[in-house]
Peer 1: 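Have a look at this one before I ask anything.
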Amino acid sequence: MSAKYNLSAGSLEIIMQGGKYPNPIMQILASKRINAGAADKERYRVVLSDSKNTISFAMLTTQVRDQVGPDVLEMYSVIQIDKYITSVIDNKAKGVGDARVLLILELKLIASGAEVGEKIGSPVQLTNDSSSSAPKTNVSNTNTNGTSTNSSVVYNKPATSNNPTPPMDTSENLSNQMTHPISSLSPYHNKWVIKARVTNKSSIRTWSNSRGEGKLFSLDLCDESGEIRLTGFKDMVDKFYDYVQVDKVYFISKCQLKSANKQYSTLKNDYEMTMTPETIIQECHDVDSSAIPQTKYDFVTIDKIANTEPNTIVDIIGVVKSVSDLQTFQAKSTGRELKKKDVTLVDQSKTAVALTLWGSEAESFDGTNNPVLVIKGARVTEFGGGKSLSTVSSSNIKVNPEMKECYRIRGWYDGEGANMDATNISARSGAGGFNTPWMSFKEVQDQNLGNADKGDYYQVMGTILLIRSENAMYKACPTPECNKKVIDLENGMYRCEKCNREFPNFKYRLLASMNVGDWSGNQWMSMFSSEVEKVLGQTSQEIGEQVEQNSEAMANIVDKCHFRQFILKCRAKMETYNDESRLKTVCIKVDPINYEEYNNHLIERIQQLIA
DNA sequence: CCCCCCCC
């Protein structure tokens, strides 16, 4: 029944001579795992047929295979190749001359091997001869993304080169050599030249540990096929750091390849490279170098961050909704002085997230006019049950870069996003993301809650028994997200120690201490402004204005709320103070009672008792 | 050969 699968007969001949053939349909006749080290570094060599010819040197990575599913490599399966690169590999050492390999970058499964069940046509092996007989100009690498209008990307270009003097032996001019796609690099062959754009250059960092000390820097490199990190240690810093510039394209060869430590790698490659004394880096001045892509992004929308594990590295694009002032403080662990700025980002998922910038990036960042921030390699962090982002040294930060995703989000923000309420996933609350089991206050006591590092969370249906009206309100820093109590300078100005600034204004905030009871007992807890407002049924500002008029107002407002009932989500944490440990409870969220939900919980408890 | 990435 294989007649119904129409393979792209003759396409291999064209492709393997460096020509273009968009979206060819091929059959897999055999596949073999090669260079298998760790399971996640597998590559596959595939025998491909277009029904007229076969080649036995097509390759794909595990990642590409996984885009489609593991079955794609079954014998006889029919695939459509949506993106590929061919590359000439120097095999003279093996006495077989140059060989062209086909590297599959994207594919679709048309029919499984089981469905097809047989070899289609009577293909014959495409000879090496036919691939090396290609004209020698402009053919070392061709690429197609499957569109018929797409032009070839010529990796090696020759002739005129006016490189500035590179900091190394120039007897070898790499611009006249065949180049290889980054995705074909592996520790298993070392004769290659890549033509890659530097998308990021780290600062120079020093280290000192039991194994020695030194300095290092790293470059993020990318080409049409992929990306890879290149690190230079010690002498290599002096040799290359100033020479190499971000956004320029270079010919690079003779680096050491090794497996990337996935825990720390922010680039999508199983390998990374280290400079050696033999390493050559030469700037490429080709007009065609514009075809080498800029930084590759794999954006996640902000709503997805809520369900992303802490320490995950993500690429993010968002509009700057607000920015804190620069904050300076001592790191507890190292004693070093740290500087940071907190940025609130929003995107079309109608979600907001806090992003922390550090050091000089924090100092120089200007968030006025709501710029679009694009970050490759931000780190997900967790704090108080909310998720946030933080830059790390390898993060690549761009403000309003010229790219289509940036224009799209700009349009959304200017059109509707600016006036939209966004869910803030960085808010410290037990509202989402983790489990808040129902508990009674007696159970909280009996089960010794509060010993977990980040505290224990629970929810309870409680009655407000007593709210302390003294000190329940304070004048706070007007900066959004700050909320620190200001010092009244008695001259019309208010000073925030945290922001290290004086303001002519302040905002009222509530911070209430209250005793809450349920059927089993009672518990003292504290509650922040947003939740106290729900209990008292008024905003902090409204309450503040009443208290300004009448100092007794607070006691009256509070009194009206006694014996009201709510669902309270609480965090309990054991704290030691003056050698005495006691359970500190913070109510992080107050909601009106949803009786259906609460009754379901009661019914469940009753059924547990019966069983 | 680094791989720390900070604070509430």
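In what follows, every heavy atom counts, from backbone to side chain, and hydrogens, waters and symmetry copies are set aside. Chain naming here is simple, since letters A, B, ... match the order of the sequence lines and numbering starts at 1 in each. Not measured: the values here are computed from a predicted model.
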Peer 1: Can you see if the side chain of A/R211 gets near the phosphate of B/dC2 - specifically, an N or O under 4.0 Å from OP1 or OP2?
Peer 2: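 Yes, such a contact exists.
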Peer 1: Indicate whether the side chain of A/S390 and that of A/W358 have a donor and an acceptor atom separated by less than 3.5 Å.
Peer 2: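 A/S390 vs A/W358: donor-acceptor pair found between side chains.
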Peer 1: Measure the distance from OH on A/Y264 to P on B/dC1 and round it to the nearest whole Å.
Peer 2: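 Nearest whole value for this atom pair: 12 Å.
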Peer 1: Look at A/K340 and B/dC8 and indicate whether a side-chain polar atom (N or O) is within less than 4.0 Å of OP1 or OP2.
Peer 2: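 A/K340 to B/dC8 OP1/OP2: no side-chain N or O under 4.0 Å.
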Peer 1: Send over the distance from A/F329 CZ to B/dC6 C1', rounded to a whole Å.
Peer 2: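 Atom CZ in A/F329 sits about 6 Å away from atom C1' in B/dC6.
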Peer 1: At under 4.0 Å between heavy atoms, what does A/E361 touch on the DNA or RNA strands: base, sugar-phosphate, or nothing?
Peer 2: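 If one applies the 4.0 Å heavy-atom cut-off, A/E361 turns out to touch nothing in the nucleic acid.
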Peer 1: Using whole Å, what does the distance between atom C1' of nucleotide B/dC1 and atom CG of A/N261 come to?
Peer 2: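 Those two atoms, CG and C1', are 13 Å apart.
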Peer 1: Mind calculating the distance between CZ (A/R205) and C1' (B/dC1) to the nearest angstrom?
Peer 2: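 Rounded to whole Å, this separation is 11 Å.
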Peer 1: Would you indicate which nucleotide in B/dC1, B/dC7, B/dC5 comes nearest to any side-chain atom of A/T356?
Peer 2: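 The nucleotide sitting nearest to the side chain is B/dC7.
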Peer 1: Name the nucleic acid region contacted by A/K484, choosing base, sugar-phosphate or nothing; use a 4.0 angstrom heavy-atom cut-off, strictly under.
Peer 2: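 If one applies the 4.0 Å heavy-atom cut-off, A/K484 turns out to touch nothing in the nucleic acid.
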Peer 1: Should the side chain of A/E272 and the base of B/dC2 be counted as holding a donor-acceptor pair, with the cut-off at 3.5 Å?
Peer 2: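 Such a pair is found, so the answer is yes.
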Peer 1: Distance check needed: B/dC2 C1' versus A/F217 CZ, whole Å only.
Peer 2: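 Distance check: A/F217 CZ to B/dC2 C1' gives 13 Å.
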Peer 1: Is A/E278 salt-bridged to A/K254, cutoff N-O under 4.0 Å?
Peer 2: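 Salt bridge absent between A/E278 and A/K254.
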Peer 1: Ignoring backbone atoms, test whether A/W358 places a side-chain nitrogen or oxygen under 4.0 Å from the OP1 or OP2 oxygen of B/dC5.
Peer 2: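 Indeed not, no polar side-chain atom of A/W358 lies that close.
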Peer 1: What nucleotide, of B/dC3, B/dC8, B/dC5, holds the atom closest to the side chain of A/S393?
Peer 2: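 Minimum distance to the A/S393 side chain belongs to B/dC5.
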Peer 1: What is the distance, to the nearest angstrom, from the CG atom on A/L216 to the P atom on B/dC3?
Peer 2: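 These atoms are roughly 7 Å apart.
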Peer 1: Ring centres of A/F233 and A/W207 under 6.0 Å apart?
Peer 2: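 Distance test on ring centres: under 6.0 Å, yes.
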Peer 1: Check ring-ring contact (aromatic ring centres under 6.0 Å, His included) between A/F566 and all other residues, then give those that pass, not counting sequence neighbours.
Peer 2: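 By the ring-ring contact (aromatic ring centres under 6.0 Å, His included) rule, A/F566 matches no residue at all.
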Peer 1: Starting at atom CD of A/E497, determine the distance to atom P of B/dC8, rounded to an integer number of angstrom.
Peer 2: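 So the CD-P distance, A/E497 to B/dC8, works out to 16 Å.
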Peer 1: Hey, is A/F383 doing a stacking thing with B/dC8, by the 5.5 Å centroid and 30° angle criteria?
Peer 2: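 So A/F383 counts as stacking on the base.
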Peer 1: Let's see if you can work this out: which of B/dC6, B/dC4, B/dC1 has an atom nearest to the side-chain heavy atoms of A/K234?
Peer 2: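 Shortest atom-to-atom distance from the side chain points to B/dC1.
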Peer 1: Round to a whole Å and report the spacing from CE of A/M273 to P of B/dC3.
Peer 2: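 Atom-to-atom, A/M273 to B/dC3, this comes out as 21 Å.
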Peer 1: Are A/Y494 and A/F506 close enough that their ring centers fall under 6.0 Å?
Peer 2: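 Between A/Y494 and A/F506, the centre distance is under 6.0 Å.
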Peer 1: Phosphate oxygens OP1/OP2 of B/dC6: is one of them under 4.0 Å from a side-chain N or O of A/R379?
Peer 2: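 Answer is yes, contact under 4.0 Å.
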